[in-house]
Every structure is written in structure tokens, then in C-alpha cells.
Number of protein chains: 2
Amino acid sequence: MSIPSKSQNKREALVRATIKLVNNNGFHAAPMSKIAKMAGISPGTIYLYFENKQNLINQVYVEVKASFSDFAFMDYEEHFSVEKGFEKIWKNIAIFKLKEVEEAMFLSQCDNTPMIDEASRKEGLKHLQPLLDLWVRGQNEGIIKQVSPYMLYAFSIYPISFLMNMQQRDLYELSSTHVDEAYNMAWNSIKI
Amino acid sequence: MSIPSKSQNKREALVRATIKLVNNNGFHAAPMSKIAKMAGISPGTIYLYFENKQNLINQVYVEVKASFSDFAFMDYEEHFSVEKGFEKIWKNIAIFKLKEVEEAMFLSQCDNTPMIDEASRKEGLKHLQPLLDLWVRGQNEGIIKQVSPYMLYAFSIYPISFLMNMQQRDLYELSSTHVDEAYNMAWNSIKI
DNA sequence: TACATTAAAATGAACGTTCATTCATTTTTT
DNA sequence: AAAAAATGAATGAACGTTCATTTTAATGTA
């Protein structure tokens, strides 16, 4: 187990502060001075770790997306059956979106805003490949509908984001029963 | 047919300019001066129509949401069967999101950002009532799954937003065949 | 060990710019 | 000639970013 360097701590504090401030106030109301204050460092220090504000946001986006993907494929193995594999990934994503609310909300905001470079977006998308592979396998086995992966994603994964948003606005309470309900709807919408 | 007053024209021009600029650059890069220039009026004039920037954004949001809802229920009548009624509403929404891209993108950005007041959000949600009523009717008739309307929305309507986003980023081309495919998946996910 | 020297990291006041908003004045409409 | 609508330069606050200076860590010396 390695002791993180002070620099790592500062960078991490910056990333956390950025996520929190952008979540609460939006990009336009997350000034560098506030980010620095929340991270417990001086404004000037930000520029030792990031080129500028745009670069800070992009990097935070890519890192959060990576941590999301890591979570999504936790305990998933490619030799799983298509159905079991999908269930594992889907539920991982659901847990992430409902438990790691800060990170998930940040992603949802970034994914719907022009504030992220197209390059960083592409970068963030790469890690989802295993899910696409699983779907192709399912299609070859005649288990998964013969439609574009965008369609499969739209109807099975993307809905989780909506439920998270509603839960976050206290409009809807997602019990574990509801999560199972939602999983069944997701699987039902992509299986043949 | 009434001739719109000049004031109406100016207000409309402001609304259009706000939508376009927020879409292209995000809220943080849509300064009042640019909005005014794009609308062809002077910066000071904005304040004859809107209290301040926050108020401008909120009002534009509520108006676009209203225009979205009007579109959604176009040619829909409450005496339709549940299935026909849902198809009409769903396809209206799909047409809106794929054709009125500017407005749809603006909504998608607003719905995922803290830049909109909770009050304006509530206001914007009100107009969707007929769809909720239709779902309740469908549930009473044993046609629609006995789950929360949030769940039904998440799995049948919300996916359209994702497809619009992908289409907008030139990652996915939604032909009319794909729209029918998507409709079938939507109906399939909420029907019993 | 204790001190000296150098290098690296961090600071925060200062800078130039941009922004939302105002209001004395001008233009347009009644 | 009065009222209403529109203007746009001016204002002050806030922002992102810089850099001369200070603080902290690392290395060398005896």
C-alpha cells in the first residue's frame, strides 16, 4: 500500500471540489477562486496541476468517466452468460448512479452541455467497449434484439440516469424493489 | 391572423438568440451582450423584457417546455385507445426532438443543470399531465405495467433524448425505420 | 546530528478583461 | 407635444490567469 504524495492529495482535492461546485452551482458559477478555497489551496496552485479552467473540467470529466466504467465492470467476467453479464453490469451502473450521486450528477451535467471537448467525450466513451461486445455476442446468440447499440443503450442504461435525477430532486424514492423492477424493464426492452 | 407587435418580435428574437447561444456555448458563454447582438437589439433593451439574466433563462425554459408540451399532444384526444394515444404522443415527442433540435437540446441542457429554478422546473412539468392520465387509464385497463410514472417515463420517453443527442453529435443516424424500431421498444417496455 | 544550500511547491496580491446591469439621453410612436 | 420604447456608454464587481515572493522539502557537508 503506497502513501499518496501531497501533490496527489492536492490534485484529488481539486477534482473533488470541482465536482461538488459544478454540481451545486453549474459550470458558470464555479469560479477558480471558489474551487481553490474548497480544495484548501491557493488559486494560483491550480495552474500547477491544470493548464486552465477548460482543461480542469475536461480532465475531471475523463477521470470520473473512467471511475464510472471501472465500477460498471466490477466483478464482471467475459465468460458470463449474456443475461448474467448484462445483469451484473446493469446493476453495477445502477448502484453507481444511486450511491455515487456526486459523480453521477457531474457526468449527467457534462453529457448534456457543450462545456466538454468532443475529444474528451470520445475518450470517456472508450471504456464502455465490454458492454458493446456483450451485446454483439447476445445478438449472435439470438438473445438480444438486432438494433444499434445506441438503441440498446438508450432503452436499457440511459433510463437509470432519469431515475437518478428524480431521486436526487426528491421526486421519487428508489427502493431496492424499484431497482429490481427497473432492471426487469431494462432487460425486457433489449432481449428478444 | 394578428400582426405581432414589435415588442413581441423583440421578445421572440431574444428568446431565439438565448436558445441558440446557450446551445452552442453553454450558459457560461452566453453573455447578455451577445444575446442582444444576435437578437439585433441593444443590451439595455433586454431589461425591458426580462428582470435579469436568471429570469431570462427561466422564462425561456418555461416557454420552450410549453411549446414542447403543445407539440407532444398535437392531434391527441382523450378518447383514443391507450395504445393509439401513447403512439400519437410518443411519435409527436420523437418528431419534436428530432426536428426541433434547437429547442430540444436547450431543454436537455436545462434539465441536467442547476441553472434552472426548481419553481420553473415544476412549472414546466405541469403540462405533461395528459400523458400521466393516459398511463393511469392504461393501468386500470390492465394494459400498462403497474409501476411509477417516473419508471414509465424513464423507459419509454427519456430514451428519445439519448437518441437525439447521438444524432446531434453525428454518431447515429435515425432513419424513419429506426424511429419505428424505437417506438416498438418504447411500447414494449411499458405494456404488460 | 546540525547546519547550509539548493530545488520544488505553493502562495496570493495584482492585472487585464469581461460581465451583468444601470440610466441619462435619443428615437419612435401615439 | 407628450409618452413610450430603445439606446449604448459607463460602472463596479467578479473572473481567469500570472508571477514575484515565500514556504517547504531535498540534498550536501562536516
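Protein chains get the first letters and strands the later ones, always in sequence-line order, with residue 1 at the start of each.
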| field | Pair B:D75 + B:K91, salt bridge at N-O below 4.0 Å | value | no
| task | Specify the separation, in whole Å, of atom CD1 of B:I46 and atom C1' of C:dT22. | result | 13 Å
| request: Map A:G44 and A:A29 onto DNA chain D by nearest heavy atom, then report which one ends up closer to the 5' terminus. | output: A:A29
| task | Round to a whole Å and report the spacing from CD1 of B:I35 to P of C:dT18. | result | 17 Å
| How close or far is atom P of C:dC19 from atom CD of B:Q54, stated in whole angstroms? | 18 Å
| request: Output the single nucleotide from D:dA6, C:dC19, C:dT11 whose closest atom is nearest the side chain of A:T45. | output: C:dT11
| A:I41 or B:S33, whichever maps to the more 5' nucleotide of DNA chain C | A:I41
| said: Given A:F162, which partner from the list B:F162, B:F155, B:Y153 fulfils the ring pair (Phe, Tyr, Trp, His ring centres under 6.0 Å) test? | reply: B:Y153
| Side chain of A:L48: nearest nucleotide among C:dT21, C:dA10, D:dA5? | C:dA10
| query | B:Y47 side chain: which of C:dC19, D:dT17, C:dT21 is closest? | reply | C:dT21
| task | Round to a whole Å and report the spacing from NE2 of A:H28 to C1' of C:dA20. | result | 12 Å
| field | Value in whole Å for how far the C1' atom of D:dA5 lies from CG of B:L14 | value | 14 Å
| field | Nucleotide of D:dT17, C:dT11, D:dA6 approaching A:M32 most closely (side-chain heavy atoms) | value | D:dT17
| field | Between P of C:dA9 and CG of A:N9, the distance in whole Å | value | 14 Å
| In whole angstrom, what separates A:K37's NZ from D:dG16's P? | 14 Å
| field | Presence of salt bridge, B:D111 and B:K65, under 4.0 angstrom | value | yes
| Quick check: does any side chain N or O of B:N112 sit under 3.5 Å from a backbone N or O of A:Q109, one acting as donor and the other as acceptor? | no
| message | Can you tell me if B:K191 has over 12 outside heavy atoms packed within less than 6.0 Å of its NZ? | response | yes
| note | From the candidates D:dG16, C:dT21, D:dA6, the one with an atom nearest any side-chain atom of B:K10 is D:dA6
| query | Roughly how many Å is it from CZ in B:F27 to C1' in C:dA20, rounded to a whole number? | reply | 11 Å
